[in-house]
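Input: a single structure, listed below in structure tokens.
Naming convention: chains lettered A, B, ... in sequence-line order (proteins, then strands); numbering from 1 in each chain. Only a predicted model underlies this, so the values are computations on that prediction, with no experimental measurement involved.
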Amino acid sequence: SAVISQKPSRDICQRGTSLTIQCQVDSQVTMMFWYRQQPGQSLTLIATANQGSEATYESGFVIDKFPISRPNLTFSTLTVSNMSPEDSSIYLCSVDREGKNYGYTFGSGTRLTVV
Amino acid sequence: AQKVTQAQTEISVVEKEDVTLDCVYETRDTTYYLFWYKQPPSGELVFLIRRNSFDEQNEISGRYSWNFQKSTSSFNFTITASQVVDSAVYFCALTVRGSQGNLIFGKGTKLSVKP
């Protein structure tokens, strides 16, 4: 499977500030995906990041709150802007390794706490 | 719309017992993909299996086995001779052709294996 390096692994942030999360993949991929996992909940897709174009956001998520960059085929960032305690979640990036024996590989996650 | 239901919120077993985690999915698409992921307490998501809608063969991998039945829209996961290290939250997920990357996750089943 693809190896994804995600950082930071965790952070505690003050409300009103922003945090940028980075994901580096060890091979070129067309699409990268950003998910949120709220405490005790399942995962929800935030957006899909394609290189060279604007990210595509899912319902309930907006670019002003979660700006995404995708400067090349191995790297992407997600920024959580103007944070509030409700943004406290685990944020994960993901890529698809197509094929029967492969699935979507996830980064190790960023555990964000907003105080 | 797609939906994944994992009716079992928590399961507790004693080591060496067999345990089956249920997953029922809903989709009108004829081409879709099903997944199982393991999320241990450390938080990372570990890919277990990917199955496409045209492959109804059951799968066995060591102590793990999966039973895919399109007739009942189920994709159940069995752990044989459970071990303490199997303790984790297990997620079933679904994506459909043309919407790759948007994994629809179930709410997860928390499995506790006691020694």
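- Hydrophobic cluster membership differs between A:L43 and A:I21, with clusters built from Ile, Leu, Val, Met, Phe, Trp and Tyr side chains linked at under 4.5 angstrom.
- Residue B:E56 places its CD atom among more than 12 non-hydrogen atoms of other residues, nucleotides or ligands, all under 6.0 Å distant.
- Here the two rings, on B:F35 and A:Y104, have centers that are under 6.0 Å apart.
- Within the model, atoms CG of B:N102 and OH of A:Y35 stand 5.5 Å from one another, a figure rounded to the nearest 0.5 Å.
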Using the side-chain contact (heavy atoms from CB on, under 4.5 Å) rule, take B:L45 and A:T105 through it: C-alpha gap first, then chi angles, then the decisive distance, then the call. CA-CA 8 Å; B:L45 272 175; A:T105 301; over 6 Å; no
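- Of all heavy-atom pairs between B:F91 and A:Q41, the closest is CZ-O, 4.2 Å.
- Residues A:F106 and B:Y37 place their aromatic rings such that the two centres sit under 6.0 Å apart.
- Considering only residues two or more places apart in sequence or on other chains, B:D86 meets the salt bridge (charged side-chain N to carboxylate O under 4.0 Å, His left out) condition with B:R63.
- Contacts of A:E58 with chain B are made by side-chain atoms alone, with heavy-atom separations under 4.5 Å and no backbone atom involved.
- For residues 105-115 of chain B, a heavy-atom distance under 4.5 Å to chain A picks out B:F105, B:G106, B:K107, given by residue number.
- No single ILVMFWY cluster, assembled from side-chain heavy atoms under 4.5 Å apart, contains both B:V24 and B:F75.
- Between the CG atom of B:L103 and the CG atom of A:D96 there is a distance of 8.0 Å, given to the nearest 0.5 Å.
- Taken together through direct or relayed side-chain contacts under 4.5 Å among Ile, Leu, Val, Met, Phe, Trp and Tyr, A:I46 and A:M83 form part of one hydrophobic cluster.
- Contact of B:Q39 with chain A is made through the side chain alone, with heavy-atom distances under 4.5 Å.
- Around atom NZ of B:K70, more than 12 heavy atoms belonging to other residues, nucleotides or ligands sit under 6.0 Å away.
- Contacts between residues 59-66 of chain A and chain B, counted as heavy-atom pairs separated by less than 4.5 Å, involve no residue at all.
- Taken together through direct or relayed side-chain contacts under 4.5 Å among Ile, Leu, Val, Met, Phe, Trp and Tyr, A:L19 and A:M32 form parts of separate hydrophobic clusters.
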Review item, side-chain donor-acceptor pairs of residues 67-76 of chain A, under 3.5 Å, at least two apart:
{"unit_1": "A:S69", "atom_1": "OG", "unit_2": "A:T77", "atom_2": "OG1", "d": "2.6"}
{"unit_1": "A:R70", "atom_1": "NE", "unit_2": "A:N72", "atom_2": "O", "d": "3.0"}
{"unit_1": "A:R70", "atom_1": "NE", "unit_2": "A:F75", "atom_2": "O", "d": "3.3"}
{"unit_1": "A:R70", "atom_1": "NH1", "unit_2": "A:T30", "atom_2": "O", "d": "2.9"}
{"unit_1": "A:R70", "atom_1": "NH1", "unit_2": "A:A49", "atom_2": "O", "d": "2.9"}
{"unit_1": "A:R70", "atom_1": "NH2", "unit_2": "A:V29", "atom_2": "O", "d": "2.7"}
{"unit_1": "A:R70", "atom_1": "NH2", "unit_2": "A:L73", "atom_2": "O", "d": "3.1"}
{"unit_1": "A:N72", "atom_1": "OD1", "unit_2": "A:T74", "atom_2": "N", "d": "2.9"}
{"unit_1": "A:N72", "atom_1": "OD1", "unit_2": "A:T74", "atom_2": "OG1", "d": "3.1"}
{"unit_1": "A:N72", "atom_1": "OD1", "unit_2": "A:F75", "atom_2": "N", "d": "3.0"}
{"unit_1": "A:T74", "atom_1": "OG1", "unit_2": "A:Q24", "atom_2": "NE2", "d": "3.1"}
{"unit_1": "A:S76", "atom_1": "OG", "unit_2": "A:W34", "atom_2": "NE1", "d": "3.1"}
{"unit_1": "A:S76", "atom_1": "OG", "unit_2": "A:S69", "atom_2": "O", "d": "2.9"}

Which is it for B:E44 and A:I90 under the side-chain contact (heavy atoms from CB on, under 4.5 Å) test, yes or no, and what are the steps along the way? CA-CA 10 Å; B:E44 76 271 25; A:I90 299 174; over 6 Å; no
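- At a threshold of 4.5 Å between side-chain heavy atoms, the hydrophobic network of Ile, Leu, Val, Met, Phe, Trp and Tyr places B:V46 and B:L21 in two separate groups.
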